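Keep in mind that the numbers below use all heavy atoms, side chains included, and drop hydrogens, waters and symmetry copies. Quick caveat: nothing in here was measured; it's all calculated off a predicted structure. Chain naming here is simple, since letters A, B, ... match the order of the sequence lines and numbering starts at 1 in each.
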There are 2 protein chains.
Amino acid sequence: MLSNACKYAIRSILYLSIYSDKTNKIGVKKIAEELETPQPFLAKLLQQLTKNKLVSSTKGPNGGFYLSDENRENSIWDIVENIDGVKKFNQCFLGLSKCEDANPCPVHYIAAPFKNKILSDFRDKSIARFTSEIIDTNKVLSLKDYDALKLD
Amino acid sequence: MLSNACKYAIRSILYLSIYSDKTNKIGVKKIAEELETPQPFLAKLLQQLTKNKLVSSTKGPNGGFYLSDENRENSIWDIVENIDGVKKFNQCFLGLSKCEDANPCPVHYIAAPFKNKILSDFRDKSIARFTSEIIDTNKVLSLKDYDALKLD
DNA sequence: CAAAAAAAAGATATTTTTATCTTGAATTAT
DNA sequence: ATAATTCAAGATAAAAATATCTTTTTTTTG
Ligand code: FES
Ligand code: FES
């Protein structure tokens with residue numbers, strides 16, 4: 001449903017949201033290691049996300065990527081739009097050209113509620129809120145295998 | 001989540017389940033037109049599905065593809081396994097290597113119930129039952145755009 | 001200022017998915 | 001039998017997604 005690129009992007013931004021700020025930037029190398037994603041590919045992605053104001057960056061020593069307060073006001077949905085485009089998500093689970101109640105495919109009534117739920121979660125919460133919920137519930141919500149992002 | 005190939009396969013088999021039997025076979029050309037899928041690609045798929053006993057076929061004039069009673073005892077899940085493999089479906093929505101309650105990603109508790117629901121629907125019902133439910137509810141459950149498969 | 005660090009940009013490569021084409025084999029109707 | 005029809009099989013092609021490499025630019029630190 002989401003491309004690898006998009007998954008990497010979401011994970012990166014959630015990671016940056018938890019661990020970075022203006023005074024604590026993080027380089028691609030570190031991010032790629034933490035999230036176990038291909039480094040140069042992630043670099044390209046972050047480049048694109050930066051150009052589109054979803055993440056921030058500075059060059060030079062102690063430079064790297066981080067999320068500004070403005071960046072944190074975006075939603076996960078903004079990331080999806082940026083990388084995969086909107087269509088990807090509105091598509092029918094079985095590949096019909098339109099997914100709508102008026103013309104449901106055989107699994108529409110199973111798939112549609114899920115899509116709506118994910119969609120509203122992605123669209124209605126800011127990155128900031130999404131992140132604080134992760135932190136507040138104090139669950140081990142890892143971004144890569146095992147508990148890499150365990151908040152202790 | 002599912003590949004195009006797999007979507008084509010599922011739609012084809014549901015189509016054949018509704019419209020074909022031993023005495024009424026349907027050619028690739030017709031199927032591809034009805035489902036609006038690329039014809040030679042679908043031919044390859046049907047070939048594979050036939051080899052793997054998920055559909056039946058005969059050559060020659062009035063030949064074509066159809067579902068035998070045995071074919072109808074398979075599940076949608078069998079199709080998915082055949083084309084995309086099992087893994088595809090067990091994957092984490094954000095791309096972690098494992099999707100499990102013990103190590104949930106930030107959207108796990110939204111995605112997991114959906115996956116379980118689809119999975120059980122796909123796995124526990126035979127094609128035959130799936131199809132008769134489509135017919136019985138008498139809904140316009142089309143397999144391609146608009147109401148191509150409207151059961152009147 | 002010079003050197004090092006790090007992202008930006010652009011080019012290239014690999015892999016996977018999707019799609020097509022060509023030839024061969026089986027079946028049926030005439 | 002023969003010709004027509006339709007699937008089978010294998011080779012090939014095109015497109016998209018994923019991944020890497022090289023060079024340039026910016027920034028910071030010493
Ligand atoms: S029409 Fe297929 S998922 Fe909605
Ligand atoms: S861990 Fe991500 S969907 Fe289950």
Legend entry - side-chain contact (heavy atoms from CB on, under 4.5 Å) partner of B/L16, the single match among B/I26, B/T131, B/D21: B/I26

Legend entry - Integer-rounded Å distance: C/dT18 P and B/E36 CD: 18 Å

Inset, instruction - Give the rounded distance in Å between these two atoms: CD of B/Q47 and P of C/dT23. - result: 17 Å

Legend entry - Taking every non-hydrogen atom, the tightest pair across A/K125 and A/S75: O-CB, 3.4 Å

Scan nucleotides 1-7 of chain D against the protein and return all N/O pairs shorter than 3.5 Å with their distances rounded to 0.1 Å.
residue, atom, partner, partner atom, Å
D/dT6, O4', B/G60, O, 3.2
D/dT6, O2, B/G60, N, 3.4
D/dC7, OP1, B/V28, N, 3.3
D/dC7, O3', B/S57, OG, 3.1

Inset, instruction - Would you give the length of the straight line joining atom CD1 of A/I76 to atom CD1 of A/I10, rounded to the nearest 0.5 angstrom? - result: 5.5 Å

Inset, instruction - Rounded off to whole Å, could you give me the CG-to-P distance for the B/L42 and C/dT18 pair? - result: 13 Å

Legend entry - Rounded distance in Å - CD (B/Q48) to C1' (D/dG10): 14 Å

Inset, instruction - Please name the pair of heavy atoms, one in B/F130 and one in B/L14, separated by the smallest distance, quoted to 0.1 Å. - result: CD2-CD2, 4.1 Å

Inset, instruction - Mind calculating the distance between CG (B/L2) and P (C/dT16) to the nearest angstrom? - result: 19 Å

Legend entry - 5′-ward residue of the pair B/K25/B/F41 relative to DNA chain C: B/F41

May I have the list of side-chain donor-acceptor pairs in residues 43-50 of chain A shorter than 3.5 Å, sequence neighbours left out?
residue, atom, partner, partner atom, Å
A/Q48, NE2, A/N82, O, 3.4
A/T50, OG1, A/L46, O, 2.6

Inset, instruction - Report yes or no: does B/N74 contribute a side-chain atom to a donor-acceptor pair with the main-chain N or O of B/I79 at less than 3.5 Å? - result: no

Inset, instruction - Under 4.0 Å between any heavy atoms, over every strand shown, what does B/P40 touch: base, sugar-phosphate, or nothing? Just pick one. - result: base

Inset, instruction - Identify whether B/Y66 and B/I18 are in the same connected component of the hydrophobic contact network (ILVMFWY, side-chain heavy atoms under 4.5 Å). - result: no

Inset, instruction - Check the distance between C/dC21's C1' and B/Q39's CD and give it to me in whole angstrom. - result: 12 Å

Legend entry - Residues touching DNA chain C, which here means a heavy atom under 4.0 Å, drawn from residues 68-84 of chain A: none

Inset, instruction - Determine whether any donor atom in the side chain of B/K44 lies under 3.5 Å from an acceptor atom in the base of D/dA9, or the reverse, and answer yes or no. - result: yes

Inset, instruction - In whole angstrom, give the distance that lies between atom CG of B/L35 and atom P of C/dT18. - result: 16 Å

Inset, instruction - Let me know the distance between NZ of B/K51 and P of C/dA26, rounded to the nearest Å. - result: 15 Å

Inset, instruction - Measure the shortest side-chain to side-chain distance between B/K115 and B/C99 over non-hydrogen atoms and say whether it is less than 4.5 angstrom. - result: yes

Legend entry - Presence of B/Y8 side-chain N/O under 4.0 Å of C/dA19 phosphate oxygens OP1/OP2: yes

